[in-house]
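A quick write-up on the structure given underneath.
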Amino acid sequence: GTSVTVVGSGFYEVEDMRCFFGGGSAGTPAVWMGEDKLVCLSPQRRAGNVTFSVGMLGSEAFASSPFTFVASPVVRVVVPSSGSIAGGMLVTVVGSNFDPSGTQVCMFGASASEASALDRSRVVCKVPGSESVGEVLLTVKVGLHDVTTGSGALFVYAVRA
């Protein structure tokens, strides 16, 4: 799931405070951060819209609003799959669930790089430099959504061209 911060007013610290993502569930525990903020973890769900609410288990919700679950980005392949440790070249990441109207960040291991979505299935990334040769996992973040576990492609840093 994703950490969801709920901003409002009049929240109070109680043991059974819950966040509800759509109907038919027991909700997830809400962590009280102050009278104006709660944090909860969203459950795993298919992409789509639900009604989000905050309340006590077994009681009426205090407040509700729309909430949208988005599909996690999936990385299938990167072309080309290798480049110089100097970085600077452009690569195309092929996958799904990218957002052409949103913000993408390519992650070459722990190094973030600027990116631009061409469409829902292709992102162009600028390869950052690396201190050493070897393989790194290339993943894509879309907005606040990280790639799903295991969804990435290997990029190989080679010696300077």
Side-chain angles (χ1 to χ4, degrees), residues 1-79 81 90-128 135-155:
T2 300
S3 179
V4 176
T5 301
V6 182
V7 178
S9 62
F11 297 129
Y12 51 93
E13 188 173 14
V14 293
E15 191 173 310
D16 291 333
M17 184 68 70
R18 311 290 273 184
C19 292
F20 299 95
F21 296 85
S25 76
T28 61
V31 177
W32 185 78
M33 304 299 289
E35 65 180 38
D36 61 346
K37 189 185 318 182
L38 301 172
V39 175
C40 41
L41 192 62
S42 70
Q44 295 289 335
R45 290 186 72 140
R46 286 187 182 175
N49 298 319
V50 298
T51 298
F52 171 82
S53 59
V54 175
M56 302 280 290
L57 190 57
S59 70
E60 186 95 13
F62 298 129
S64 65
S65 68
F67 187 88
T68 302
F69 284 92
V70 296
S72 295
V74 176
V75 173
R76 291 195 171 80
V77 67
V78 57
V79 178
S81 60
L90 297 178
V91 296
T92 301
V93 177
V94 179
S96 58
N97 303 325
F98 303 133
D99 183 4
S101 64
T103 301
Q104 270 75 209
V105 175
C106 289
M107 298 298 299
F108 289 77
S111 297
S113 171
E114 59 188 80
S116 173
L118 301 175
D119 53 39
R120 302 250 334 128
S121 62
R122 294 178 300 152
V123 172
V124 174
C125 309
K126 186 174 184 180
V127 178
E135 295 178 340
V136 294
L137 184 64
L138 190 159
T139 59
V140 177
K141 291 183 178 184
V142 176
L144 301 175
H145 306 282
D146 291 327
V147 329
T148 55
T149 304
S151 176
L154 291 179
F155 181 82

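For clarity, every value in this text was computed on a predicted model and none was experimentally measured.
Atom CD of residue Glu114 and atom CG of residue Leu90 lie 8.5 Å apart, to the nearest 0.5 angstrom. Note that CD of Glu13 and CE of Met33 are 10.5 Å apart. Values are rounded to the nearest 0.5 Å. The structure places CZ of Phe20 at 10.0 Å from SG of Cys40, a figure rounded to the nearest 0.5 Å. From Ser64, atom OG reaches atom CZ of Phe52 across 9.5 Å, with rounding to the nearest 0.5 Å.
Counting heavy atoms from C-beta on, the side chains of Val39 and Val4 never come closer than 4.5 Å. With contacts defined as side-chain heavy-atom distances shorter than 4.5 Å, the pair Pro66/Asn49 does not qualify. At a threshold of 4.5 Å between non-hydrogen side-chain atoms, the residues Thr139 and Phe108 do not count as touching. Lys37 is listed as a side-chain neighbour of Thr5, based on a closest heavy-atom distance under 4.5 Å. A 4.5 Å side-chain heavy-atom check between Val93 and Leu138 finds at least one atom pair inside the cut-off. When side chains are defined from C-beta on, Gln104 counts as touching Asp99, because their heavy atoms get closer than 4.5 Å. At least one side-chain heavy atom of Phe155 sits less than 4.5 Å from a side-chain heavy atom of Val91. Residues Val123 and Ser116 form no side-chain contact, since every pair of their non-hydrogen atoms from C-beta on lies 4.5 Å or further apart.
Listed for the Trp32 side chain is no donor-acceptor partner under 3.5 Å among the backbone atoms of Val14. The backbone N or O of Gly27 sits less than 3.5 Å from a side-chain atom of Arg18, completing a donor-acceptor pair. A donor-acceptor pair is defined here as one N or O able to donate and one able to accept, closer than 3.5 Å; no such pair exists between the side chain of Arg122 and the backbone of Val94.
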Worked check of side chain to side chain donor-acceptor pair (under 3.5 Å) between Asp36 and Ser9:
CA-CA 4 Å; Asp36 61 346; Ser9 62; over 6 Å; no

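Closest non-hydrogen pair, Arg76 versus Ser96, comes out as NH1-OG, 3.4 Å. Between Phe98 and Arg120, the closest heavy-atom pair is O-NH1, 2.6 Å. For Ser111 against Pro128, the heavy-atom pair with the smallest separation is CB-CG, 4.0 Å. A pairwise comparison of heavy atoms in Val6 and Val54 identifies CG1-CG2, 4.1 Å as the closest pair. When every heavy atom of Leu41 is checked against every heavy atom of Ser3, the shortest pair comes out as CD1-N, 3.8 Å.
Ring to ring, Phe67 and Phe21 are close: their centroids are under 6.0 angstrom apart.
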